[in-house]
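Let me begin by presenting the structure, written as structure tokens, before commenting on it.
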Number of protein chains: 2
Amino acid sequence: MIVIDPNSGVPVYRQLVEQVRFLIASGRLAGGDELPSTRTLSEQLGLNPMTVSKAYGLLEQDGVVQRRPGLPIIVAATTREAADGARLEQLRGLLGPAVTGTRQLGISTTRAVAEFRQLLADQTAEEEHDR
Amino acid sequence: MIVIDPNSGVPVYRQLVEQVRFLIASGRLAGGDELPSTRTLSEQLGLNPMTVSKAYGLLEQDGVVQRRPGLPIIVAATTREAADGARLEQLRGLLGPAVTGTRQLGISTTRAVAEFRQLLADQTAEEEHDR
DNA sequence: AAAGGTGTATTTGTCAAGTAATACACCGTA
DNA sequence: TACGGTGTATTACTTGACAAATACACCTTT
């Protein structure tokens, strides 16, 4: 379910964060579901439990996950409306550089939008391919 | 013309590469123009000449710049098509984070694209307003 | 040839990121 | 309370990236 590439240059704990985030966003993990225990997952991937714990910690900071002392970590229950606003805000933040860049590079809105759509499509295709 | 933030987390030499590349892509530096000398620029920014040289080296590997022993470095001559390609490449780089973010946040392609278009429109409006 | 400019190969030092080891605290259930 | 499960605070180690120091080679002009 989770796959790590230790030679990708991307730190392991970051890969974990990304993948869990994606599992949640795509609905494969729902609110209330337990994440794999740090020991289970670390053993399965040949890592140290602390590495997994670090990743889980970051996920908690983002509020996508909930920690309870002594108990498994669960996916945070997400009230749709509240979360939607925050997510759009995050997306706007990520789009900021692209927006100013588009202008400074003298690229037309149509062209830029087309490019964005294309990139999104490409990535979706990759994900399909993984299954 | 070039601004460095030593506390941004992004290594200085990388900031240099990005900014020069952008200056070229946006046409503020044209083919044949000389880059600021390593000593001049490094002094101006409070860096070591080698740091600047490292950045220039990467730019040469990408073919956007030309080195000649003992002489200033110049911007490589480029065809219109190549320049267009480079600009799109820049844009793709800026869009990268937004693309992965869209997926991890579970936002639909349509929604993300709409948001992007909106932001672009907003900015255009601001520019009008500035005049 | 000398001077003052260009860039850089090589070496060195520093420092933070990433990961792992260790040991501990909490929880639920028998 | 004892056990086997959960997560983690703290510490330590390793490694690579980054940046600077040093010294050198090349070019043009005088």
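Chain letters run A, B, ... following the sequence lines, proteins first, then strands; residues in each count from 1. Note: hydrogens, waters and symmetry copies are ignored here, and every other heavy atom, side chains too, is used.
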Whole angstroms only, please: what is the [atom1]-[atom2] distance between [X] and [N]?
{"X": "Asn7(A)", "N": "dG16(D)", "atom1": "CG", "atom2": "P", "result": "12 Å"}
{"X": "Arg68(B)", "N": "dT28(D)", "atom1": "CZ", "atom2": "C1'", "result": "12 Å"}
{"X": "Gln15(B)", "N": "dA17(D)", "atom1": "CD", "atom2": "C1'", "result": "15 Å"}
{"X": "Glu60(A)", "N": "dT6(D)", "atom1": "CD", "atom2": "P", "result": "18 Å"}
{"X": "Glu34(B)", "N": "dG5(C)", "atom1": "CD", "atom2": "C1'", "result": "12 Å"}
{"X": "Leu16(B)", "N": "dA20(D)", "atom1": "CG", "atom2": "C1'", "result": "15 Å"}
{"X": "Ile4(A)", "N": "dA20(C)", "atom1": "CD1", "atom2": "P", "result": "11 Å"}
{"X": "Leu35(A)", "N": "dT8(D)", "atom1": "CG", "atom2": "C1'", "result": "15 Å"}

Dump the intermediate steps for side chain to side chain contact (heavy atoms under 4.5 Å, CB included) on Leu45(B) and Leu16(B), then the final yes or no.
CA-CA 11 Å; Leu45(B) 298 177; Leu16(B) 289 172; 4.0 Å; yes

About how many Å separate CZ of Phe116(B) and CG of Leu119(B), when rounded to the nearest 0.5 Å?
8.0 Å

Expected list for residues 37-55 of chain A near DNA chain D, using heavy atoms below 4.0 Å, is Ser37(A), Thr38(A), Arg39(A), Thr40(A), Met50(A), Ser53(A)

Under 4.0 Å between a Lys/Arg side-chain N and an Asp/Glu carboxylate O for Arg111(A) and Glu115(A)?
yes

Do the side-chain N and O atoms of [X] and [Y] include a donor-acceptor pair separated by under 3.5 angstrom?
{"X": "Gln15(A)", "Y": "Ser8(A)", "answer": "yes"}
{"X": "Ser53(A)", "Y": "Arg39(A)", "answer": "no"}
{"X": "Thr110(A)", "Y": "Arg117(B)", "answer": "no"}

Starting at the 5' end of DNA chain C and moving along, which residue's nearest nucleotide shows up first, Tyr13(A) or Leu71(A)?
Tyr13(A)

